[in-house]
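Have a look at the structure below, then the notes.
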Number of protein chains: 2
Amino acid sequence: MEQSVTDLCREFGLRLTGPRRIIMQVLFDSSDHPDVVELHRRVTAIEPTISLATVYRTVNLLREKGVLERHTFGDGRARYETTPREHHDHLINVETGSVIEFQSEEIERLQEEIARKHGFAIVSHKLEIYVRPLKRGRSRT
Amino acid sequence: MEQSVTDLCREFGLRLTGPRRIIMQVLFDSSDHPDVVELHRRVTAIEPTISLATVYRTVNLLREKGVLERHTFGDGRARYETTPREHHDHLINVETGSVIEFQSEEIERLQEEIARKHGFAIVSHKLEIYVRPLKRGRSRT
DNA sequence: TCTCAGATGCGTCGCATTCGCAAAAACATC
DNA sequence: GATGTTTTTGCGAATGCGACGCATCTGAGA
């Protein structure tokens, strides 16, 4: 883990600074989808002097480099996750706000097909399914 | 058209005011996905005294009532369209910002299946495919 | 150790959106 | 049509997220 932060900085020609080290560490240790303020909370729990601006700068940097993905679920604010090796989409529980990841090769394939049919190539895509728990007995399947 | 504005206000217990009448009219006459500022532009072309705040309040009201759908394509600002009878999703051309609507029953069905498999019912969903024109000769299909 | 481009913290700015409030307009009632 | 009550409106100020400018600080190569 610590190693990967060092490697990443080297790879992108970034200086391995104290704030950067901590922010990246927090990012890699987070398995949820925190927003910038939440990240700042976690970071300042470790090193209270790190400013919000630096967190913003760091996530932007890492997003440009493809290390992070940015999402905007319903509300306005941006939330981040480390780029997964396998692309996935999200189920968002509207009652709790919790996010579940899923994959569907079939949906991906259909998207590809639709884009091609319209004369386009896919740059990226976003599928968010807002859901609510089934009342009782998930009857079928 | 004019009739439907009257009906809508009655249905939701809203007063049929001058600004409201014009804003709703502009919304129903728009077949694209205007943002609030663009809506305000169109509205003030008819009645220059209507304020931006009123446009904001009206679109929020109509969104709560399910009359409008709000989208946020990439950029920060919200864009609106009247709720279509048939649900559709969007292809966004990243080079021009233009939006193309499409439908895929197959994708809808797969989403339904995924949600159910996780023990959820779908409340709503959003699929945005960001695309770029194919260079030359859309070879297949 | 010295140097200096890159990084940071702080304060400020910009944009989209919301809010508070007094004045104006709508609807129900007479 | 005048009256009273409640909702809307316009205005300007406030908010929230995110970005920026600048002076200061610091990592890492010479």
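Worth saying up front: this structure is predicted, and the values here are computed from it rather than measured. First the proteins, then the strands, lettered A, B, ... as listed; each starts at 1.
Contacts between residues 41-64 of chain A and DNA chain D, counted as heavy-atom distances below 4.0 Å, involve A/Ala53, A/Tyr56, A/Arg57, A/Asn60. Within a heavy-atom distance below 4.0 Å of DNA chain C, no residue of residues 66-73 of chain A is found.
Contact record, A/Cys9 with A/Leu16: SG-CD1, 3.9 Å, taken as the closest heavy-atom pair.
A distance of 11.0 Å separates CZ of A/Arg132 from OG1 of A/Thr96, quoted to the nearest 0.5 Å.
In this model, a donor atom of one side chain and an acceptor atom of the other lie less than 3.5 Å apart for A/Gln111 and A/His125. Under 3.5 Å, the side chains of B/Ser30 and B/Arg42 contain a donor-acceptor pair of N or O atoms. Side chains of B/Glu47 and B/Thr49: a donor-acceptor N/O pair is present below 3.5 angstrom, by distance only. Side chains of B/Asp89 and B/His87: a donor-acceptor N/O pair is present below 3.5 angstrom, by distance only. With hydrogens and angles left out, the side-chain atoms of A/Glu128 and A/His90 include no donor and acceptor closer than 3.5 Å.
Between A/His33 and A/Glu101 there is a side-chain heavy-atom pair separated by less than 4.5 Å.
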Stepwise ring-ring contact (aromatic ring centres under 6.0 Å, His included) check, A/His71 with A/Phe73: CA-CA 6 Å; A/His71 303 288; A/Phe73 304 131; 5.2 Å; yes
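Hydrophobic clustering of Ile, Leu, Val, Met, Phe, Trp and Tyr side chains at less than 4.5 Å, counting indirect connections, unites B/Tyr80 with B/Leu62. Linking ILVMFWY residues whenever their side-chain heavy atoms come closer than 4.5 Å, directly or via other members, leaves A/Tyr130 and A/Ile107 in distinct clusters.
Atom pair A/Arg20:CZ and D/dC25:P shows a separation of 19 Å (rounding to whole Å applied). A straight line from NE2 of A/His40 to P of D/dC17 spans 13 Å, rounded to a whole angstrom. At whole-Å resolution of the value, CZ in A/Arg15 and P in D/dG29 are 9 Å apart.
Backbone-only engagement by B/Arg77 is indicated by non-hydrogen atom pairs under 4.0 Å involving sugar-phosphate atoms exclusively.
In summary, contact between chain B and DNA chain C, defined as any nucleotide atom under 4.0 Å from a heavy atom of the protein, begins and ends at C/dA16 to C/dC27 in the 5' to 3' direction.
Both B/Val36 and A/Leu14 lie near DNA chain C, and the one whose nearest nucleotide falls closer to the 5' end is A/Leu14.
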